[in-house]
Amino acid sequence: MKDGIPAIRFSPHDMHRSEQKMAHALILKFSAGRPSINDIKSHIDLHWGLSGKLVVGIIDPRHILLNLTSEADVLKTMKGLESRGGLGSLS
């Protein structure tokens with residue numbers, strides 16, 4: 001409790017580990033609803049040419065979390081999304 005409000009505290013070690021795990025994460029928003037995770041992952045694997053492993057997670061009905069393995073893949077993804085105006089046929 002802090003000031004009468006329930007609080008969760010994280011150790012500096014836990015914060016550092018969380019920061020490391022999310023260092024190459026992106027959140028994508030779908031304006032008209034989110035396709036299936038399998039469709040998203042298949043599209044990315046087929047069209048984006050990422051060099052590392054990709055983890056796709058659901059945040060809510062309109063948002064997904066992409067966790068990439070390198071800064072190079074993050075930059076490639078950001079540039080590709082910008083040039084295509086989104087996920088193309090999936091968005």
Side-chain angles (χ1 to χ4, degrees):
M1 297 286 266
K2 178 168 174 64
D3 300 324
I5 300 172
I8 300 173
R9 295 182 191 261
F10 297 96
S11 70
H13 173 73
D14 288 340
M15 289 298 295
H16 181 70
R17 285 185 56 207
S18 295
E19 290 169 4
Q20 287 179 321
K21 288 184 179 191
M22 300 302 285
H24 302 112
L26 299 171
I27 296 174
L28 301 183
K29 177 181 178 181
F30 292 87
S31 298
R34 175 186 42 78
S36 74
I37 292 297
N38 288 337
D39 287 347
I40 294 167
K41 188 155 179 19
S42 294
H43 178 86
I44 292 170
D45 289 342
L46 184 63
H47 297 286
W48 291 14
L50 301 177
S51 59
K53 182 181 172 189
L54 168 71
V55 176
V56 180
I58 297 172
I59 296 176
D60 63 30
R62 293 178 62 185
H63 297 85
I64 63 167
L65 173 73
L66 298 182
N67 205 349
L68 305 160
T69 55
S70 70
E71 185 174 347
D73 279 349
V74 170
L75 294 173
K76 186 183 291 187
T77 299
M78 297 291 288
K79 287 178 184 177
L81 288 171
E82 180 181 33
S83 69
R84 289 186 298 271
L87 283 172
S89 63
L90 280 175
S91 59

Taking atom [atom1] of [X] and atom [atom2] of [Y], what is their separation to the nearest 0.5 Å?
X     : Y     : atom1 : atom2 : value
His43 : Ser36 : NE2   : OG    : 12.5 Å
Leu50 : Thr77 : CG    : OG1   : 4.5 Å
Ser31 : Arg62 : OG    : CZ    : 6.0 Å
Ile59 : Lys29 : CD1   : NZ    : 12.0 Å
Ile44 : Leu68 : CD1   : CG    : 8.0 Å

Heavy-atom pair of closest approach, residues Arg34 and His63
CD-O, 4.2 Å
Specify the closest pair of heavy atoms between His24 and Ser70, including all atoms of both residues, with the distance to one decimal.
CD2-C, 3.5 Å
Over 12 foreign heavy atoms within 6.0 Å of CD, Glu71:
no
Are [Y] and [X] co-members of a hydrophobic cluster defined by side-chain heavy atoms under 4.5 Å apart?
X     : Y     : answer
Ile5  : Ile8  : no
Ile27 : Ile58 : no
Leu75 : Leu26 : no

Are any side-chain N or O atoms of Asp73 and backbone N or O atoms of Gly52, one a donor and one an acceptor, separated by less than 3.5 Å?
yes
Short question: side chain of Lys76, backbone of Gly49 - any donor-acceptor pair under 3.5 Å?
yes
Show your working on side-chain contact (heavy atoms from CB on, under 4.5 Å) between Ile40 and Phe30 and close with a plain yes or no.
CA-CA 11 Å; Ile40 294 167; Phe30 292 87; 3.8 Å; yes
Pick from Asn67, Leu65, Leu66: which one makes a side chain to side chain contact (heavy atoms under 4.5 Å, CB included) with Val55?
Asn67
